[in-house]
Amino acid sequence: MAMPSSLPPEPRIARRAVLGAGLAFASLRSWAAQDSNAEALLRKGGVVAAFRHALAPGTFDPPGFRLGDCSTQRNLNDEGRAQARSVGAWFQQRQLQPGKVLSSPWCRCVDSATLAFGTPQVWAALGSPRGSPETTGAAHLRELRTALATASSQPGRFEVWFTHMFVLSDLANTNTSSGEGLILRADRSGNVEVLARLAIPA
């Protein structure tokens, strides 16, 4: 015979609701702390906010991909475009103005940067790795580390980069979600440190 529950149905439902609300509140507190930490680092400067491009459904580039021809590439969808605009709104609301906005030549990165900040400076070193295996070229990684070290030596100023998951993984040794940013700093030797993450809701 099943033992009767110590809680009648109504209190159990109420308890679940309270627990759910508690988890949601904890999530909001976590977001607020992340948000505040990233903002403080950007205001101090000497960092780069390196974003993975906003949501572009699919994986890899389609057959027949051609750089410079967006119709052959994997592009942002409506959610991705909203996500990119939200990134720009977050910076604008806090009056955080990047000293430079750089983007991979891929359309999904250029579009993410443009929707967030306006037309970026296109930089090949931020481009997606091509061929197999999917690793960023050593020469490009050296460029990125050098540029990051230079940006890190300039307090009161920050840059924003838009790039790809594989590039950020090779550069910062961590995974990122679509539209997520990493607040990065590097020392003179090019050692990269992830100081904070910035995942702005669309």
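Note: hydrogens, waters and symmetry copies are ignored here, and every other heavy atom, side chains too, is used. For clarity, every value in this text was computed on a predicted model and none was experimentally measured.
For His164 and Ser104, the side-chain atoms include at least one donor-acceptor pair closer than 3.5 Å. Side chain to side chain, Trp161 and Glu159 meet the donor-acceptor criterion of an N or O pair below 3.5 Å.
In this structure, the separation between CG on Leu171 and OG1 on Thr163 is 8.5 Å, given to the nearest 0.5 Å.
Checking side-chain atoms of Ser86 against main-chain N and O of Ile200 turns up no donor-acceptor pair under 3.5 Å. Not a single donor-acceptor pair under 3.5 Å links the side chain of Asn75 to the backbone N or O of Cys107. Side chain of Arg145 to main chain of Val192: no donor-acceptor pair is present (N/O by atom type, distance under 3.5 Å, no hydrogens or angles). With hydrogens and angles disregarded, no donor-acceptor distance shorter than 3.5 Å links the side chain of Ser152 to the backbone of Arg185. Side-chain atoms of Ser112 never come within 3.5 Å of backbone atoms of Ala84 as a donor-acceptor pair (strictly under, hydrogens ignored).
Residues Arg43 and Arg94 come closest through the heavy atom pair NH2-O, 2.6 Å. Nearest heavy atom pair, residue Leu144 against residue Ala125, reads CD1-O, 3.7 Å. Contact detail for Leu102 and Lys100: the closest heavy-atom pair is CD2-CD, 3.6 Å.
Every residue was checked against the side-chain contact (heavy atoms from CB on, under 4.5 Å) condition with Asn173, not counting sequence neighbours, and none meets it. Not a single salt bridge (charged side-chain N to carboxylate O under 4.0 Å, His left out) links Arg52 to another residue, sequence neighbours left out.
Taking a 6.0 Å sphere around CD of Glu79, one finds it holds 12 or fewer heavy atoms contributed by other residues, nucleotides or ligands. Heavy-atom contacts from other residues, nucleotides or ligands closer than 6.0 Å to CD of Gln92 number 12 or fewer.
Residue Phe117 is not grouped with residue Val110 when hydrophobic side chains (ILVMFWY) are merged at heavy-atom distances under 4.5 angstrom, including chains of intermediate members. No continuous path of hydrophobic side-chain contacts links Leu55 to Met165 [ILVMFWY only; heavy atoms under 4.5 Å]. Note on Leu96 and Val87: same hydrophobic cluster, where clusters join Ile, Leu, Val, Met, Phe, Trp and Tyr whose side-chain heavy atoms are under 4.5 Å apart, directly or indirectly. Phe51 and Leu76 fall into different hydrophobic clusters, where Ile, Leu, Val, Met, Phe, Trp and Tyr side chains are chained together by heavy-atom contacts under 4.5 Å. Side-chain heavy atoms closer than 4.5 Å link hydrophobic residues (I, L, V, M, F, W, Y) into clusters, and following such links, possibly through other members, connects Trp123 to Leu141.
Applying the salt bridge (Lys or Arg N to Asp or Glu O under 4.0 Å) test to every pair with at least one member in residues 106-120, sequence neighbours left out, gives these pairs: Asp61-Arg108.
Checking each of Phe60, Phe162, Phe65 against Trp106 for a ring pair (Phe, Tyr, Trp, His ring centres under 6.0 Å) leaves exactly one that passes, namely Phe65.
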